[in-house]
Protein chains: 2
Amino acid sequence: MTNRSITIKDVAKKANVSVATVSRVINGLDRVSDATRKRVLKIIQELNFVPNTMAASMVNKKTKMLSVVVPEIQNPFYTAVIEGTVEVAKREGFFTLVLSTNGDESEEEDFLESFLGKNVDGIILIGSHKEAEFYRGIQKPTILVDRYFNDCDHDGVMIDNYRGAYEATKHFIEYGHERIAMIDGEHDFNDGKDRFWGYRQAMLESGLAPDPDCHKQGRWTEADGYRLTIELLQSKRPPTAIFAANNVLCKGAIRAIRDLNLRMGEDISLIGFDENELAQFVQPQVTVVRRPTREMGVQAAEMLVRKIREVPMEQGNPKCVVLGVELLKHGSVKKLK
Amino acid sequence: MTNRSITIKDVAKKANVSVATVSRVINGLDRVSDATRKRVLKIIQELNFVPNTMAASMVNKKTKMLSVVVPEIQNPFYTAVIEGTVEVAKREGFFTLVLSTNGDESEEEDFLESFLGKNVDGIILIGSHKEAEFYRGIQKPTILVDRYFNDCDHDGVMIDNYRGAYEATKHFIEYGHERIAMIDGEHDFNDGKDRFWGYRQAMLESGLAPDPDCHKQGRWTEADGYRLTIELLQSKRPPTAIFAANNVLCKGAIRAIRDLNLRMGEDISLIGFDENELAQFVQPQVTVVRRPTREMGVQAAEMLVRKIREVPMEQGNPKCVVLGVELLKHGSVKKLK
DNA sequence: TTGAAAGCGCTACCAG
DNA sequence: CTGGTAGCGCTTTCAA
């Protein structure tokens with residue numbers, strides 16, 4: 001497309017200075033007289049010279065790029081995290097590079113091995129790998145988000161999944177529900193697992209024996225949210241309340257309830273995890289556990305930038321920040337007593 | 001984090017060969033005896049050596065990276081395009097780098113000037129700039145998607161916005177509607193403009209004088225979709241049909257109709273542009289103009305890869321592919337006669 | 001089949 | 001304040 005691009009040498013020659021001087025001007029260092037600086041700047045303009053950042057990076061080993069790796073880019077939860085990190089990164093002078101892996105471990109690996117993965121200054125990772133070992137292999141400042149692994153040698157930003165599920169379940173119980181179901185996906189990561197344990201613990205504490213028929217597990221998809229909800233509601237002893245353990249599952253549940261012609265918050269109570277468009281649309285709105293999605297990205301980016309800048313020696317043990325969640329009460333939970 | 005990373009030199013020394021040979025092995029070139037190849041490969045394993053792609057790129061000026069630049073990453077239309085391009089790119093051996101500009105021109109520029117922008121092999125751009133000149137300045141294989149500019153010196157992949165709007169409007173007319181409103185946003189780009197002209201043309205052709213009260217313009221946001229719909233429906237002479245010119249506007253319209261307690265496809269008819277979650281959720285479902293979103297990304301990526309590989313001389317005049325749209329008829333349009 | 005050496009474009013150190 | 005120069009890690013002639 002373009003012929004040979006013009007380099008620092010061309011500028012130097014035309015300005016009758018050394019490349020060293022041009023470099024100084026480019027980087028805004030002092031030790032350059034005002035006269036020469038002006039002259040060089042002018043030539044740069046004239047020649048329309050743009051420094052080759054890659055060459056620079058070769059020597060100083062910095063690219064001012066961050067990457068944020070997520071499993072899927074269609075889920076608003078992830079895009080919210082991305083937004084948060086991008087905002088901070090920009091403020092701090094980094095570009096952010098987004099990669100969606102489709103939850104595929106090998107795609108994640110490929111990326112980290114690639115030009116991009118190798119050359120960013122730091123990584124914010126919502127990983128798809130299930131073993132700490134993989135993460136330990138990442139030789140670069142990295143912050144794990146949402147999914148954490150012990151002994152992974154990296155810092156993390158999580159939310160209190162356990163508590164979110166616990167509070168949702170408790171809320172049902174306070175309102176008099178006893179036959180409370182939960183639908184979720186595979187327990188591949190701590191987030192899913194913790195939500196299940198939160199639910200379970202709340203049940204136990206209230207003396208409600210966890211009924212295996214009330215815990216339906218599928219994949220974390222809207223289709224399965226739909227299917228599992230139908231199964232629950234058409235069983236011989238349907239629950240009076242359902243806790244849908246993430247946003248897409250919740251959407252499926254909402255559809256199912258609608259399709260079965262049941263009245264939300266009347267015939268059946270529902271709580272979702274994470275806000276979602278449908279939950280806000282239906283009437284009454286669906287009560288959900290809200291987590292600070294954007295904030296997670298912000299925190300992660302701030303931690304990452306700090307880590308990139310700090311001298312390696314100063315780095316202590318990996319720390320994992322846990323952000324709180326909040327139950328947004330709407331009208332989808334019926335008061336039984 | 002990591003100390004000095006090991007380089008091609010280390011491998012060469014340990015294998016008792018020259019760096020040239022190691023380089024050949026890395027790149028799978030022939031002219032290396034099987035014996036040495038094996039030996040080098042073994043050392044590479046042992047040392048856990050990973051070639052520095054950046055250094056390589058410095059000399060051969062290729063990075064095997066593509067970037068796709070979109071205005072917003074929250075809109076499913078854009079993510080669908082992204083998915084399409086990523087798929088093709090991967091198949092062709094390129095990594096895709098996603099950038100969301102928030103529709104901000106300067107952010108778009110910053111990106112193109114950045115390390116990333118400078119070092120990708122090609123760009124797929126849903127631009128936020130409004131003048132062809134800007135695009136002409138991009139000295140790199142680029143495909144414009146969705147928004148096109150004449151004389152921009154780049155190829156493009158568009159859809160037939162005009163026809164989509166035209167058909168939607170015609171559909172209303174066939175069903176007996178006469179007071180047909182349209183809501184849209186700023187006419188900053190061809191897409192929005194064309195939709196308006198398609199609507200207008202359909203009206204004129206059918207002898208329906210375009211009533212200025214029936215064209216409400218705001219921004220391309222859900223909030224404005226809501227607001228404009230309310231305005232229309234509460235005016236002294238409300239329309240019987242509304243064409244919402246994009247997905248978010250349509251969502252706003254759906255909410256508004258619901259909040260006014262009107263029956264979709266009965267009290268008011270609606271057609272949206274682009275599918276969206278709410279349109280599929282409500283009953284009856286909303287009739288929409290569907291465009292091949294994913295396919296746009298696929299086409300664009302294929303064109304881009306071809307362009308990157310072809311010798312500069314072969315490049316003819318910029319060409320713009322226009323993909324068709326389809327009216328997905330659901331129950332949101334009432335038959336008046 | 002292999003190696004030596006000249007870069008790619010820039011930075012940073014050391015002299016002057 | 002300015003210039004010379006040695007790399008950064010790799011590729012690619014050109015010779016051997």
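To find a chain, count down the sequence lines: A is the first, B the second, and so on, and within it residues start at 1. Values below: every heavy atom of this structure, side chains too, minus hydrogens, waters and symmetry copies.
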Identify whether any heavy atom of A/Ala20 sits under 4.0 Å from a base atom; if not, whether one sits that close to sugar-phosphate; answer base, sugar-phosphate or nothing. base
Of the listed C/dT11, D/dC10, D/dC14, the closest approach to the B/Arg24 side chain comes from D/dC14
Looking for any heavy atom pair under 4.0 Å, which part of the strands does B/Val17 touch: base, sugar-phosphate only, or nothing? sugar-phosphate
Among D/dT2, D/dG9, D/dG7, which is the nearest nucleotide to the side chain of A/Arg31? D/dT2
Less than 3.5 Å apart, any donor N or O on the side chain of A/Thr63 or A/Asp121 sitting next to an acceptor on the other? yes
Nucleotide D/dG9, atom C1' - distance to CG of A/Asn119 in whole Å: 11 Å
Could you work out which one of C/dT11, D/dC10, D/dT2 sits closest to the side chain of A/Ser23? C/dT11
Round to the nearest Å and state the distance from B/Ile8 atom CD1 to D/dG7 atom C1'. 16 Å
Can you figure out which of C/dA4, D/dC1, C/dA12 approaches the side chain of A/Asn60 most closely? C/dA12
What's A/Asp34 touching, base or sugar-phosphate or nothing? Going by heavy atoms closer than 4.0 Å. nothing
Side chain of B/Ala55 only, heavy atoms from C-beta on: which candidate in D/dC10, D/dG3, C/dG9 is closest? D/dC10
How are the rings of B/His129 and B/Phe134 set to each other: parallel, tilted or perpendicular (split at 30° and 60°)? parallel
Tell me what B/Thr53 touches on the nucleic acid: a base, only sugar-phosphate, or nothing, going by heavy atoms under 4.0 Å. nothing
Quick one: A/Phe49 CZ to C/dC10 C1', roughly how many Å, whole number? 8 Å
Does the Lys NZ or Arg CZ of A/Arg291 fall within the cation-pi geometry relative to A/Phe77 - under 6.0 Å from the ring centre and within 45° of the axis? yes
